[in-house]
**Q** 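Got a structure for you, questions after.
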Protein chains: 2
Amino acid sequence: MVESRRGASARAPRTNFESASHRIVLGDCVAEMSKLQAGSVDLVFADPPYNLQLKGDLKRPDESHVDAVNDDWDKFDSFSAYDDFTRAWLLAARRAMKPSATIWVIGSYHNIFRVGAIMQDLGFWLLNDIVWRKTNPMPNFRGRRFTNAHETMIWAARDEKAKGYTFNYEALKAANEDVQARSDWLIPLCTGEERLKGADGKKVHPTQKPEGLLARVLLSSSRPGDLVIDPFNGTGTTGAVAKRLGRSYIGFERDKAYGKAAEMRIAAVEPLPEDSLAPFMTAREAPRVAFSELIERGMIMPGTKLFDAKKKLGALVRADGAIMLGDKVGSIHRMGAVAQGSAACNGWTFWHVETKKGLKLIDELRAEIRAGMAAE
Amino acid sequence: MVESRRGASARAPRTNFESASHRIVLGDCVAEMSKLQAGSVDLVFADPPYNLQLKGDLKRPDESHVDAVNDDWDKFDSFSAYDDFTRAWLLAARRAMKPSATIWVIGSYHNIFRVGAIMQDLGFWLLNDIVWRKTNPMPNFRGRRFTNAHETMIWAARDEKAKGYTFNYEALKAANEDVQARSDWLIPLCTGEERLKGADGKKVHPTQKPEGLLARVLLSSSRPGDLVIDPFNGTGTTGAVAKRLGRSYIGFERDKAYGKAAEMRIAAVEPLPEDSLAPFMTAREAPRVAFSELIERGMIMPGTKLFDAKKKLGALVRADGAIMLGDKVGSIHRMGAVAQGSAACNGWTFWHVETKKGLKLIDELRAEIRAGMAAE
DNA sequence: TTCTGCGGTGAATCTTTGT
DNA sequence: AACAAAGATTCACCGCAGA
């Protein structure tokens, strides 16, 4: 298992990677989610009905018919009915979420504002709104508006005070030219081979999301072994990507045909090798090392001096793990702050010891200890 | 002239172009907008307080202080108080709008969902949500979220049944390489010379919007001679752009200092010659491509290996877009540097994938994506 | 004159752990 | 629950000083 000690101890145990399970529950998502154990879910992804309220038919300039979303499940009598529906499923999802869990909801301008406001009213704490920019959106045939070239996802924690949610910052950054990931993502629509088609050759579901989108969602905010749920399973894109990425999955679906198609789809997915999924060992999750351990291990002797990078300042190492700068005594951090005249300082990356080869950062000594811990 | 024919014939005569006027009304925007003649306004642009609710300080990694929005006008006691405020100014604006007028409201995830839901509840008919993608957003300093790299604008008509609103479709398309204008706009922040500074050299207003953003708004949804109003005038960006583009303007502002600065700014603006109000062109830059996009598009599968030119080294591709060389994990660039023992490396021109025809540089795969993007 | 390096900064709901 | 301490963390662009 590739778990950081800190990460592993700070959270409830995960589902074992090898035993990851994937299932679809047929039925109403509110009723069925309420049967889950409260506080058992790591991540929720939801693609609820958009309440498009389309009137009449839409035709292309060449008079061909546009196959729009026109299903019963997308019809609501009023904003109020849609709001009630939204509150109900959000509450059921929230109950199932661990305190450290997060939730993603995707929508368009037809529904996302209502969803977002209700999420705030229910106490969810918004972390980001993410824009899915489509490389190949459907054009605006009438020429009366801007091409609707994006959808919006809301990423939120369960509560304002929620701590310890998963955000794989370093991995995202490494995958993005070493700059941090932004809130706008450019991803193509789900087309071609990936698009599920029925025996009649027609698309199974009108709003199937691209796996690339779900992959980025799961890779950014969940870890292998996590339990991911989707209240609106549809064709099971979330489940397929979850399985591929070593996450467990429960999808909820009212429509038997969708559920059947999704089950077959997910069953055919081959999980990626575990070592291609292992989380980074990040600085944030690396085990803590006390400065006194360097002394206990004999890497630094009491009475030696620590220097800043320019060797203008020298601080005396005390046997108890504090250091003395002039007549002041304190931690490596506090004394680093004093030395710089700043409010805070990471002493590990400020102080050096003198070696035959010149100054050596004490953070390198810490790294040696950590390497030894990993090898144990 | 850049006018759609359709737009020109469909409505009442406009204010004469030469007599365009520009003024700022000091006072509460709800009270003052209520004094306008009902149904007299062609376009509303509103940049209301975002209700950021910032708590403590934020410092950059270098310990410098982030100068955040901390003004009284952005403070509300609760969501409910903010909603009441929002309803009040939206209703006052709506009363002043012509039946064919449209309204733009800009916000961030802190407030835009509430604003959008209230607009729907009040009967506005949403036409688009537009994403302002910032080329140079402030980074996320703590690494706990995605960089908040965009803001959202809602563009709406007064009613569902409203006909004949202005949308300069042909001009926008001509200005955009002859393809329809999309709902995502890439525009830099307001910085440098354009940013209004006081005698102390500090920014006059914490949230001054770039003129490029307002120019695109006005060029897309108004015509020369139109009356444009802004309930939250601030430093008068809307007014300055309106004057330059031959539109009339009324701005409402509570703060006398903002009002004064805006008046001077607008007075200094020289309107463009009437016949030069041409559509504007945006240069397309070579888009940045993330390595993870190759995975998302299925061009490289997680678990496959990347090789150097001599095929002496192999690195494993991880699902998250990082690669693993030996026991080290990092970006294609970092691992290229490690492989070469150098400080830096362009991973795109270092790593290869194996194909039936031999090794293929991953930079070629990137070129394929860029070619597709250019063809959009 | 042109180039380079450094400092400043932008609507930000920006940590985690132990006492 | 409040507090203190440890310690992790930034991208694009602009202006200016100095070479």
Side-chain angles (χ1 to χ4, degrees), chain A residues 6-7 9-11 100 120 124-129 156-157 160-165 167 169-170 173 176-183 282-291 321-322 330-334 336-337 343-350 363 366, chain B residues 47-71 73-76 79 106-112 132 134-152 188-195 197 201-203 205-210 232 234 288:
Chain A
R6 192 115 149 285
S9 61
R11 294 181 183 74
S100 63
Q120 291 181 310
F124 288 99
W125 190 244
L126 306 196
L127 297 169
N128 278 116
D129 58 332
E160 176 179 354
K161 304 295 179 197
K163 297 292 175 199
Y165 61 85
F167 180 57
Y169 175 78
E170 292 82 0
K173 185 173 172 177
N176 188 44
E177 303 287 294
D178 284 325
V179 293
Q180 52 182 222
R182 295 170 43 116
S183 55
T282 69
R284 190 171 264 125
E285 295 200 331
R288 284 197 176 199
V289 175
F291 179 64
S331 70
I332 52 171
H333 310 294
R334 177 88 358 247
C345 170
N346 182 345
W348 292 108
T349 54
F350 181 80
D363 201 36
R366 180 172 66 164
Chain B
D47 182 11
Y50 287 8
N51 192 24
L52 288 185
Q53 305 281 15
L54 301 176
K55 305 227 159 76
D57 261 25
L58 181 62
K59 286 185 173 167
R60 300 169 202 273
D62 66 2
E63 288 284 301
S64 68
H65 175 255
V66 175
D67 185 16
V69 174
N70 195 23
D71 303 76
W73 51 252
D74 197 46
K75 290 182 170 42
F76 294 84
F79 284 138
I106 186 167
S108 67
Y109 68 86
H110 308 83
N111 72 321
I112 198 65
W132 167 28
K134 303 176 184 183
T135 56
N136 49 347
M138 193 186 295
N140 182 289
F141 298 116
R142 299 294 182 203
R144 298 300 293 142
R145 303 181 179 194
F146 295 93
T147 303
N148 196 6
H150 74 276
E151 293 186 27
T152 301
L189 292 173
C190 178
T191 57
E193 285 283 299
E194 189 186 321
R195 188 91 196 206
K197 305 262 169 55
K202 291 186 177 168
K203 58 190 177 193
H205 194 283
T207 72
Q208 185 180 340
K209 294 292 176 289
F232 306 98
R288 186 181 288 213

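A, B, ... follow the sequence lines: proteins, then strands. Residue 1 opens every chain.
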**Q** Give the nucleotide from the list D:dT9, D:dC11, C:dA11 with an atom nearest to the side chain of B:Trp73.
**A**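 Of all the options, the side chain of B:Trp73 is nearest to C:dA11.
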
**Q** Should D:dC16 form a Watson-Crick or G-U wobble pair with both distances under 3.5 Å, which nucleotide is its partner?
**A** C:dG5

**Q** Answer yes or no: side-chain N or O of B:Lys59 and base N or O of C:dA12 forming a donor-acceptor pair under 3.5 Å.
**A**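 Such a pair does not exist between side chain and base.
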
**Q** Give the rounded distance in Å between these two atoms: CD of A:Glu170 and P of D:dG7.
**A**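 Answer to the nearest Å: 17 Å.
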
**Q** Looking across every strand, which nucleic acid part, if any, lies under 4.0 Å from B:Asn140 by heavy atom: base, sugar-phosphate, or nothing?
**A**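 Base, at least one base heavy atom under 4.0 Å.
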
**Q** Compare side-chain N and O positions of A:His333 against OP1 and OP2 of D:dG7 and report whether any pair is under 4.0 Å apart.
**A** yes

**Q** Ignoring backbone atoms, test whether A:Ser331 places a side-chain nitrogen or oxygen under 4.0 Å from the OP1 or OP2 oxygen of D:dA6.
**A**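 Yes.
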
**Q** What nucleic acid atoms does A:Thr349 come within less than 4.0 Å of, heavy atoms only: base, sugar-phosphate, or nothing?
**A** nothing

**Q** Are B:Lys75 and B:Trp73 in a cation-pi setup, meaning NZ or CZ lies under 6.0 angstrom from the ring centre and within 45 degrees of the ring axis?
**A** no

**Q** Just call it for B:Ser108: base, sugar-phosphate, or nothing, with non-hydrogen atoms closer than 4.0 Å on any strand.
**A** nothing

**Q** Does A:Trp125 reach a base, just sugar-phosphate, or nothing at all? Heavy atoms under 4.0 Å.
**A** base

**Q** Tell me whether A:Lys173 is salt-bridged to A:Asp178, with the criterion being a basic N under 4.0 Å from an acidic carboxylate O.
**A** no

**Q** Select base, sugar-phosphate, or nothing to describe what B:Lys203 touches, counting heavy atoms under 4.0 Å on all strands.
**A**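 Sugar-phosphate only.
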
**Q** Under 4.0 Å, counting only non-hydrogen atoms across every strand here, what does A:Glu160 touch: a base, just sugar-phosphate, or nothing?
**A**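 No contact at all - A:Glu160 keeps every heavy atom at 4.0 Å or more from the nucleic acid.
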
**Q** Return yes if some donor-acceptor pair links the side-chain N/O of B:Asp74 with the main-chain N/O of B:Leu52 below 3.5 Å, else return no.
**A** yes

**Q** Report the nucleotide, chosen from C:dA12, C:dA11, D:dC13, that has the shortest atom-to-atom distance to any side-chain atom of B:Thr207.
**A** C:dA11

**Q** For A:Lys173, report the nucleic acid contact type (base, sugar-phosphate, nothing); a contact means any heavy atom under 4.0 Å.
**A**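 Touches sugar-phosphate only.
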
**Q** For B:Pro137, which contact category applies under a 4.0 Å heavy-atom criterion: base, sugar-phosphate, or nothing?
**A** base

**Q** Please classify the nucleic acid contact of A:Leu127 as base, sugar-phosphate, or nothing, using heavy-atom distances under 4.0 Å.
**A**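 Contact class for A:Leu127: none.
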
**Q** Let's test this: given Watson-Crick or G-U wobble pairing with both distances under 3.5 Å, identify the partner of C:dC14.
**A**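 Partner of C:dC14: none.
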
**Q** Please report the distance, rounded to the nearest Å, between CD1 in B:Ile106 and C1' in C:dG10.
**A** 14 Å

**Q** Answer yes when A:Glu160 and B:Lys55 have at least one side-chain N-carboxylate O distance shorter than 4.0 Å, and no when they do not.
**A** yes

**Q** Can you see whether A:Phe291 has A:Arg366 sitting over its ring - NZ or CZ less than 6.0 Å from the centre and within 45° of the normal?
**A** no

**Q** Choose from D:dT10, D:dA8, C:dA12 the nucleotide whose nearest atom is closest to any side-chain atom of B:Met138.
**A**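 Closest nucleotide among those given: C:dA12.
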
**Q** How many Å lie between CG on B:Asp62 and C1' on C:dG7, as a whole number?
**A**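 Going from B:Asp62 (CG) to C:dG7 (C1'), I get 10 Å.
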
**Q** Would you indicate, yes or no, if C:dG18 has its OP1 or OP2 atom less than 4.0 angstrom from a side-chain nitrogen or oxygen of A:Arg288?
**A** no

**Q** What is the distance, rounded to the nearest whole Å, between atom CG of B:Leu189 and atom C1' of C:dG8?
**A** 14 Å

**Q** Given atom CG of B:Leu54 and atom P of C:dG10, what is their separation to the nearest angstrom?
**A**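 Going from CG in B:Leu54 over to P in C:dG10 covers 14 Å.
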
**Q** Check whether any side-chain N or O of A:Tyr169 sits under 4.0 Å from OP1 or OP2 of D:dT10, and answer yes or no.
**A** yes

**Q** Answer yes or no: is there a donor N or O on one side and an acceptor on the other, between the side chain of B:Lys134 and the main chain of B:Trp132, under 3.5 Å?
**A**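 No, because the side chain of B:Lys134 does not come within donor-acceptor range (under 3.5 Å) of the backbone of B:Trp132.
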
**Q** How many Å lie between OH on B:Tyr50 and P on C:dG10, as a whole number?
**A**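 Rounded to whole Å, this separation is 15 Å.
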
**Q** Students often get this wrong, so: under 4.0 angstrom with heavy atoms, is B:Asn51 touching a base, only sugar-phosphate, or nothing?
**A**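 Nothing: the residue B:Asn51, judged by heavy atoms under 4.0 Å, touches no strand.
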
**Q** Does A:Arg366 have a side-chain nitrogen or oxygen under 4.0 Å from the phosphate oxygens OP1 or OP2 of D:dA8?
**A**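 Answer yes for this pair, as a side-chain N or O of A:Arg366 is under 4.0 Å from OP1 or OP2.
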
**Q** Between the side chain of B:Arg195 and the main-chain N/O of B:His205, is any donor-acceptor distance below 3.5 Å?
**A**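 Yes, the answer is positive, given that a donor and an acceptor are paired below the 3.5 Å cut-off.
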
**Q** Using a 4.0 Å heavy-atom cut-off, does B:Arg195 contact any base of the nucleic acid, only the sugar-phosphate backbone, or nothing at all?
**A** sugar-phosphate

**Q** Which whole-number value in Å describes the distance from B:His150 NE2 to C:dG10 C1'?
**A** 16 Å

**Q** Applying a 3.5 Å limit to both distances, which nucleotide forms a Watson-Crick or G-U wobble pair with D:dT9?
**A** none

**Q** Take the protein atom NZ of A:Lys161 and the nucleotide atom P of C:dT16, then report the distance between them rounded to whole Å.
**A** 13 Å

**Q** At under 4.0 Å between heavy atoms, what does A:Arg182 touch on the DNA or RNA strands: base, sugar-phosphate, or nothing?
**A**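 Nothing, no heavy atom under 4.0 Å.
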
**Q** Under 4.0 Å between any heavy atoms, over every strand shown, what does B:Gly107 touch: base, sugar-phosphate, or nothing? Just pick one.
**A**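 Touches nothing.
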
**Q** Is it true that B:Asp67 and B:Lys203 have a side-chain N and a carboxylate O under 4.0 angstrom from each other?
**A** yes

**Q** Would you say the base of C:dG10 and the side-chain of B:Arg60 have a donor-acceptor pair closer than 3.5 Å?
**A**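 It does, because a donor-acceptor pair links the side chain of B:Arg60 to the base of C:dG10 below 3.5 Å.
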
**Q** For B:Val69, report the nucleic acid contact type (base, sugar-phosphate, nothing); a contact means any heavy atom under 4.0 Å.
**A**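 Base: the residue B:Val69, judged by heavy atoms under 4.0 Å, touches a nucleobase.
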
